[in-house]
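Values reported hereafter were calculated over all heavy atoms of this structure, with side chains retained and with hydrogens, waters and symmetry mates removed. A note on names: the letters A, B, ... follow the listed sequences, proteins ahead of strands, and every chain is numbered from 1.
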Protein chains: 2
Amino acid sequence: MNTTGRKLRADAERSIKTIMEAAERVLSENPAATMEQIAEAAGVARTTIHRRFASREALIDIMAVAAWKEIAEAVDAARPATAPPRVAMYQATANVLRVKSGWRFALAQHGPLTGEAARIEAEVTAKSDLVIGRAQQEGVIRPDVDLLWARRVYFAVLTEAAHGSFTGTGPDPDAGIDELATRVVDTVLRGLGPGKD
Amino acid sequence: MNTTGRKLRADAERSIKTIMEAAERVLSENPAATMEQIAEAAGVARTTIHRRFASREALIDIMAVAAWKEIAEAVDAARPATAPPRVAMYQATANVLRVKSGWRFALAQHGPLTGEAARIEAEVTAKSDLVIGRAQQEGVIRPDVDLLWARRVYFAVLTEAAHGSFTGTGPDPDAGIDELATRVVDTVLRGLGPGKD
DNA sequence: GACAACCGCAACATTCATGTTGCAGATAAG
DNA sequence: CTTATCTGCAACATGAATGTTGCGGTTGTC
């Protein structure tokens, strides 16, 4: 396989991309799917996968890194350190939902992450905590709320929202995502109950 | 193995119980654990497991059924059809959290459930919807909230709360659970933000 | 157009989990 | 106490998935 970062030919790069996309598709429906099934879905021979990825584990790890990089970009694009907390939360939620729809498997927790992926995940977590902390300082989150709990709840609802309901790229795929993001932030901050009665 | 419901000897029943408990322990830490590892944790020979359970799949399925039965009892004990919605929600949450702490693996989603377990899960879902629907009628949940979304959010937060934080049976193991249940219901209904400002 | 890289295919080696069988000794039940 | 059941152990069968290698043909690259 290719451990060295040597320059690859164009068709090889294409194979890698095709394989990772197929793997994501197949594994998101059946995490125990075999290399054979992935190869078939990708339209390549099984040996080609082994040529490009040292092992099944390596393939999954590389997918996780790629996915988490996109998540990190999605969060950064929401300007977590500078934008008003509410805006940052909404933006990050929408961006992350978009990324999650394409990396359902790679972003699912398969035990604790390791290596590069773990590092990026930690970065994302830190940035999330930053936003949540700023949100509390500015009164968007109550002062008595534990921030660790706040993050866990936010992640849980975000992940739940990402399940299903990515039904086909209709006329405007972003409309659904934007609405979903609004609902996530709204639910986490206001809850499901009435304000005061 | 034992397909027929014949009367088993006391030691056989004991084995079954021990195996299921060990399986829950081992599989909750590593869902891909082998029968060998489960047998070792249970202190029995691997062949004994196969004597009591037709296959790995059967073992897991039986565990799922047992776990969901306990969940169903936990929900029923909260009187979902008659108790005031807030009370029922709180009671069900506390009861379910207790059960979840002992059946982490068996209650995790391993693809859609089948057979008996699926039936019980559907029952539980129906009763949850009942409580949530009554909650909305009585104004505990806003009228504009989609009930399917409400259930999904509630389940997501409940599951999140069940992760970790079952640290040892201290002097009063229920104190932690009760506090956790309060926090779950409070978070879902009030959210993390201020009431009005 | 020449050369190197890449792919499909077939064949093989290896490892590992699952499930079975038979038997000798232990243990519950009546 | 007698009998049927249960367990551990050792051995075996099977099947499946992973990973490797070599070759002939194809496809980028310069």
Check your understanding: Do NZ/NE/NH1/NH2 and the carboxylate oxygens of A:Glu73 and A:Lys69 come within less than 4.0 Å?
Key -> no

Review point. Nearest-Å distance, CZ (B:Arg56) to C1' (C:dG19)?
Key: 13 Å

Exercise for review: Would you please name every residue forming a salt bridge (charged side-chain N to carboxylate O under 4.0 Å, His left out) with B:Arg151, sequence neighbours left out?
Suggested key: B:Asp129

Exercise for review: Using a 4.5 Å cut-off on heavy atoms from C-beta on, say whether the side chain of B:Asp146 contacts that of A:Arg183.
Suggested key: yes

Check your understanding: Between A:Gly43 and B:Glu57, which has a closest nucleotide on DNA chain C that is more 5'?
Key -> A:Gly43

Point to revise | Within residues 31-41 of chain A, residues whose heavy atoms come under 4.0 Å of DNA chain D | key: A:Thr34, A:Met35

Review point. According to the side chain to side chain donor-acceptor pair (under 3.5 Å) rule, which pairs have a member within residues 79-89 of chain B, sequence neighbours left out?
Key: none

Exercise for review: Round to a whole Å and report the spacing from CD1 of A:Ile49 to C1' of C:dG8.
Suggested key: 13 Å

Point to revise | B:Arg142 backbone acceptor or donor facing B:Gln136 side chain under 3.5 Å | key: yes

Check your understanding: Of the candidate nucleotides C:dG8, C:dG19, C:dC6, which contains the atom at the shortest distance from the side chain of A:Ala12?
Key -> C:dC6

Check your understanding: Got a donor-acceptor contact below 3.5 angstrom from the B:Arg98 side chain to the B:Ala74 backbone?
Key -> no

Show me the donor-acceptor pairs, under 3.5 Å and distance only, between side chains in residues 154-162 of chain B and residues at least two apart or in other chains.
{"unit_1": "B:Tyr154", "atom_1": "OH", "unit_2": "B:Thr93", "atom_2": "OG1", "d": "2.6"}
{"unit_1": "B:Thr159", "atom_1": "OG1", "unit_2": "B:Lys100", "atom_2": "NZ", "d": "3.0"}
{"unit_1": "B:Thr159", "atom_1": "OG1", "unit_2": "B:Phe155", "atom_2": "O", "d": "2.9"}
{"unit_1": "B:Glu160", "atom_1": "OE2", "unit_2": "A:Arg152", "atom_2": "NE", "d": "2.9"}

Contacts table for residues 15-29 of chain A: side-chain donor-acceptor under 3.5 angstrom, sequence neighbours left out:
{"unit_1": "A:Ser15", "atom_1": "OG", "unit_2": "A:Asp11", "atom_2": "O", "d": "3.2"}
{"unit_1": "A:Thr18", "atom_1": "OG1", "unit_2": "A:Arg14", "atom_2": "O", "d": "2.8"}
{"unit_1": "A:Glu24", "atom_1": "OE1", "unit_2": "A:Phe105", "atom_2": "N", "d": "3.4"}
{"unit_1": "A:Glu24", "atom_1": "OE1", "unit_2": "A:Ala106", "atom_2": "N", "d": "3.2"}
{"unit_1": "A:Glu24", "atom_1": "OE2", "unit_2": "A:Arg104", "atom_2": "N", "d": "2.8"}
{"unit_1": "A:Glu24", "atom_1": "OE2", "unit_2": "A:Phe105", "atom_2": "N", "d": "2.8"}
{"unit_1": "A:Ser28", "atom_1": "OG", "unit_2": "A:Glu24", "atom_2": "O", "d": "3.1"}
{"unit_1": "A:Ser28", "atom_1": "OG", "unit_2": "A:Arg25", "atom_2": "O", "d": "2.9"}

Point to revise | Base-contact (B) and sugar-phosphate-only (S) positions in nucleotides 21-30 of chain C, heavy-atom cut-off under 4.0 Å, - elsewhere | key: B-----BSS-

Exercise for review: For the helix from C:dG1-D:dC30 to C:dG30-D:dC1, figure out the bend between the end axes, five pairs an end, and round to 10 degrees.
Suggested key: 40°

Practice item. Please list, chain by chain and in numerical order, all residues satisfying side-chain contact (heavy atoms from CB on, under 4.5 Å) with B:Glu36, sequence neighbours excluded. Key: B:Thr34, B:Arg46

Review point. Ignoring hydrogens and angles, does a donor from either the side chain of B:Arg46 or the base of C:dG19 sit under 3.5 Å from an acceptor on the other?
Key: yes

Point to revise | With sequence neighbours excluded, residues passing salt bridge (charged side-chain N to carboxylate O under 4.0 Å, His left out) with B:Arg190 | key: B:Asp186

Point to revise | Any residue meeting side-chain contact (heavy atoms from CB on, under 4.5 Å) with A:Gln137, in chain and number order, not counting sequence neighbours | key: none

Exercise for review: Would you tell me if any nitrogen or oxygen in the side chain of A:Thr48 comes within less than 4.0 Å of OP1 or OP2 on C:dC7?
Suggested key: no

**Study point:** Pairwise side-chain contact, A:Trp149 with B:Thr187, heavy-atom cut-off 4.5 Å (strictly under)
**Key:** yes

Exercise for review: Considering only heavy atoms of chain A and a distance under 4.0 Å, specify the first and last nucleotide of DNA chain D in 5' to 3' order that meet this criterion.
Suggested key: D:dA17 to D:dT29

Check your understanding: Please, which pairs that meet salt bridge (Lys or Arg N to Asp or Glu O under 4.0 Å) have at least one residue in residues 55-65 of chain B, sequence neighbours excluded?
Key -> none

